Amino acid sequence: MNGQHKFLLDESQLPKAWYNINADMPVPPQPVLHPGTMQPVTPDFLSVLFPMSLIMQEMSPERWIEIPEPVRDIYKLWRPTPMYRALRLEKALDTPAHIYYKYEGVSPVGSHKPNTAVAQAYYNKEAGTKALTTETGAGQWGSALAMACNFFDMALEVYMVKVSYFQKPYRRIIMENFGARVFASPSSNTHYGSEILAEDPDSPGSLGIAISEAVEAAASSGGAKKYSLGSVLGHVLMHQTVVGIESLQQMEMAGEYPDMVIGCAGGGSNFAGFAYPFLHQNFTAGKKTKIIAVEPASCPSMTKGQYTFDYGDTAAMAPIVKMYTLGHTFVPPGIHAGGLRYHGMAPSVSALVNHGDIEARAVGQLATFDAAVRFSKAEGIIPAPESAHAIRVAIDEALACKQSGERKVIAFNLSGHGHFDMTAYEAYHQGKLQDYDYPAELVMEAMSHLPKVPAMG
Ligand SMILES: *Cc1c(COP(=O)(O)O)cnc(C)c1O
């Protein structure tokens with residue numbers, strides 16, 4: 001096979017600053033509202049949950065924010081990550097397109113999530129935080145934060161969605177190995193968890209419930225604990241931009257520039273981390289790369305949700321933000337196996353989709369697993385089912401090039417490996433998965449529970 005397979009940077013090329021999209025947003029930011037008063041939140045309110053340094057990053061208009069040296073030191077355990085040209089996939093698809101992927105699965109816990117976990121643990125440690133609380137679904141975020149807290153010698157309390165706690169024990173054990181305490185959510189640790197258990201002792205839990213528990217545990221700790229979120233917030237997306245900044249350098253090494261940049265989107269962090277530095281080139285350097293965010297058809301916040309103010313969590317305790325949402329009461333369909341289950345989408349991603357700078361697409365789960373298997377057969381890597389949503393669209397676009405004869409350059413983010421997701425692959429191979437389009441009627445119904453936010457001048 002002709003051509004270079006991988007594009008590697010050395011440690012000296014690790015980015016020294018994150019890219020902050022706030023500096024280049026084509027639309028003004030929407031206020032973040034207090035869940036009780038529905039008035040814009042103050043830094044004081046947020047400081048119950050987050051250290052001031054992260055709150056300032058959230059609001060910062062600065063385009064570049066320096067990555068602290070201790071964070072870069074830990075990044076160097078696995079960064080810079082490789083960029084591959086998928087020559088074998090191109091051949092299997094018989095496409096004239098050139099397909100590149102950035103691989104974040106080489107991090108110690110197998111996904112992009114440590115990029116922000118390490119940064120958040122660092123800033124909390126610096127601010128004197130003794131312990132963090134967080135939620136996790138299948139455990140990808142929890143294992144990343146557990147590793148990071150361990151590096152900075154901080155305690156961690158993880159509320160893990162109950163059904164995953166019992167059905168997917170391996171990531172729980174990884175968290176415990178790093179010294180975290182993991183609770184099945186809903187738990188009796190919090191008022192909110194106890195209320196849910198009283199109503200339904202067999203509640204399988206949900207990400208929204210686990211977020212509420214983790215927020216409550218921090219907010220009621222009298223300042224001893226702070227809360228950490230693995231996606232959605234501006235500072236989280238910004239920490240992930242190391243991915244895209246490295247990718248720009250690697251595309252340059254390859255002597256090409258992408259016509260299309262693709263990422264899967266749950267809360268939006270790996271997508272934004274990969275795509276925003278390319279979007280920066282669109283905004284400021286006259287590039288015209290098409291930027292595509294891919295979500296599951298069964299959890300379609302951007303393609304079927306409304307762009308409106310909604311709570312960040314199920315218990316309506318977290319701040320209200322303007323985003324694409326399926327309603328904070330959203331419960332992901334049980335048949336859905338591919339992750340990306342959050343009811344909303346990061347406010348900046350939402351605003352850019354609404355403004356037309358980002359295209360949103362939804363893909364079905366059978367097509368997603370089909371893409372995952374084809375990719376692994378060609379390239380050898382078993383992708384996380386989440387990442388496979390991006391692969392699906394990359395393959396679709398490469399097949400469109402085969403039809404049209406165009407030689408487009410397609411780049412996507414392979415956000416993680418799927419080594420702990422083999423039961424989902426098994427269900428696919430045994431024909432137990434099916435497609436499910438989330439019904440528009442359920443979105444309509446959920447919209448009746450939106451917060452009644454006063455008109456914003
Ligand atoms: C958590 C996760 C996602 C989804 O989260 P985003 O914030 O949307 O990136 C995607 N891929 C992998 C591998 C993950 O672990």
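All values derive from a computational prediction rather than experimental measurement. Note that ligands are numbered from 1 as they come in the structure, with each ligand's atoms numbered from 1 the same way. Computation of the quantities below employed the complete heavy-atom set of this structure, encompassing side-chain atoms and omitting hydrogens, waters and symmetry-equivalent molecules.
When each atom of ligand 1 is checked for a heavy atom of Ser231 under 4.0 Å away, the hits are 6 (P), 7 (O). Interface atoms of ligand 1 facing Cys264, defined by a heavy-atom separation under 4.0 Å, are 10 (C). Residue Gly267 approaches ligand 1 through these ligand atoms, each under 4.0 Å from one of its heavy atoms: 6 (P), 7 (O), 8 (O). Which parts of ligand 1 touch Gly416 is read off a 4.0 Å heavy-atom cut-off, strictly below it: atoms 13 (C). Set against the non-hydrogen atoms of Lys113, the atoms of ligand 1 under 4.0 Å away are 1 (C), 2 (C), 3 (C), 14 (C), 15 (O).
Distance alone, capped at 3.5 Å, places no donor-acceptor pair between the Lys113 side chain and the Ser143 backbone. Of the possible donor and acceptor atoms, one in the side chain of Thr95 sits under 3.5 Å from a partner among the backbone N and O of Ala97.
At a 4.0 Å cut-off, at least one heavy atom of Ala265 sits close enough to ligand 1 to count as contact. In this structure, His112 has a heavy atom closer than 4.0 Å to ligand 1.
Within the cation-pi definition used here (under 6.0 Å to the ring centroid, within 45° of the axis), Lys322 qualifies as a partner of Tyr307.
The shortest N or O to N or O distance between Gly266 and ligand 1 is below 3.5 Å. Considering backbone and side-chain atoms together, Gly230 places no N or O closer than 3.5 Å to any N or O of ligand 1.
With a 6.0 Å radius and a threshold of 12 heavy atoms from other residues, nucleotides or ligands, Tyr257 has its OH atom above the threshold.
Under the ring pair (Phe, Tyr, Trp, His ring centres under 6.0 Å) test applied with Tyr311, the options His449, His34, His328 reduce to a single match, His328.
Side-chain atoms of Ser111 and Glu104 include no donor-acceptor pair closer than 3.5 Å.
Contact annotation for Leu340 and ligand 1: only side-chain heavy atoms (C-beta onward) come within less than 4.0 Å of the ligand.
Glu90 is listed as a side-chain neighbour of Arg85, based on a closest heavy-atom distance under 4.5 Å.
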